[in-house]
Amino acid sequence: MNAGSPSIVRVEAGHACYDVTIGADCLAGLGSVLRTTAPTAIRAHLVIDAGVPESLVNRVRSAFSESGLIGNESRLTPSEPIKSTPTWQRLLLDIAEASLERSDVIIALGGGIVGDLAGFAAASYRRGIPIIQCPTTLLAMVDASVGGKTGFNIETSHGLLKNMVGAFHQPAAVLADVDALASLDERVFRAGLAECVKHAMLSADYGDPDLADWMARSTTNILARNPATLTELVTRNVAVKAAVVRTDERERSSGDQGRALLNLGHTFAHAIETIDSLSPTNDPNLAPLMHGEAVSLGLIASATLAEQLGRASGMVEPLRNRLVKFGLPTAVRGLPESGEILARMAHDKKADTGRSRFVIPIGDGSSRVVLDPPVQAVVAAIESIRA
Ligand code: GLY
């Protein structure tokens, strides 16, 4: 794949159909994407992640002037606590102050937190206006920006409930400019690789049986952030996600496949990522875990669960090696006792009509949903990530 030529993945989700454009400097094409996807827009509201380099922000501003759009901006400093009702309200006020109409457009430039919040502001403002997602982290490129999930967390007496408020609101377009990955913090970049490993654990059933092997062969180039390799990495991951979403946009499948598969590792991850004391290494200064780091641990727990249930064998060690090569954690110190983790899982929104729902790998590139596995198997899975 040539770093100079962007690639395009078409996403078909319910009634929506849009392109994800991936490549170096593909934000240069935003002006033309705006003219195609929001031809009658007069205003655009840019929601900027404060961590994004000014050079990228200026590419978006240039697209506004090129398209004759009146641009306004909101800036967010992303952290899990800002993924909350007050930030959503603030965004809505900013957008209303900027007088956006239904035919106007929101642009999200940043990581998953900014994309999710801007996405829900777009879903809820005037009952829904278009959004163009311009993800700037690997995690947002391969996962959060594609598929239309938007929203934020709420704090309840059961603790923090992640993504409990939200809507499916498909973007009008996604532009994943891999130039944004060049300056990304190393830890943030590696955290995104956990979602790529996750996709490779289900990709054989969704059109890309070679993804895990290709990622293993390309480890050096991936970690060196070679633009052509990153373009291929993001393209293949988005293609897998798009194939899953096409079958089950709203995660309604009652079978053992469908969009729920994208939660592989996440039932465990959601239970541990809000434990503030956990660190990906022994260094308490690195606590808490990033989402991708918690997913990495969750993938190990899921593979252990698959082995406990007799659905897979010999899966945990190769997976552990793959994650370690990407600098991701596979065990963690200071994990609370398993009863507390089980209690946290019980409150996760993926506890489906009172049943616990896990996704387990059952073979290379193939995963399945299981309901209500025996509690001893889940406890063994939890213990497998205790350092
Ligand atoms: N990140 C999981 C999904 O989009 O369904």
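When a ligand or atom number is given, it counts from 1 through the structure's own listing order. It should be emphasised that the depicted structure is a prediction, and the values quoted were computed from it without experimental measurement.
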Is Arg357 salt-bridged to Asp372, going by a charged N under 4.0 Å from an acidic O?
no

Tell me whether the rings of Phe120 and Phe152 are parallel (<30°), tilted (30 to 60°) or perpendicular (>60°).
perpendicular

Measuring from atom OG1 of Thr40 to atom CZ of Arg102, what distance do you get when rounded to the nearest 0.5 angstrom?
12.5 Å

Less than 4.0 Å from some atom of ligand 1, heavy atoms are found in residues Asp143, Lys149, Lys241, Arg259, Leu262

Lys/Arg N to Asp/Glu carboxylate O, Glu251 vs Lys149, below 4.0 Å
yes

Show me the side-chain donor-acceptor pairs of residues 13-23 shorter than 3.5 Å, one per line, residues at least two apart or across chains.
| from | atom 1 | to | atom 2 | distance (Å) |
| --- | --- | --- | --- | --- |
| Tyr18 | OH | Gly147 | N | 3.1 |
| Tyr18 | OH | Gln170 | OE1 | 2.6 |
| Asp19 | OD1 | Arg10 | NH1 | 2.8 |

For a salt bridge (charged side-chain N to carboxylate O under 4.0 Å, His left out) check, start with the C-alpha distance between Lys162 and Glu80, then their side-chain angles and the critical distance, and finish with the verdict.
CA-CA 9 Å; Lys162 286 181 63 75; Glu80 208 54 37; 2.6 Å; yes

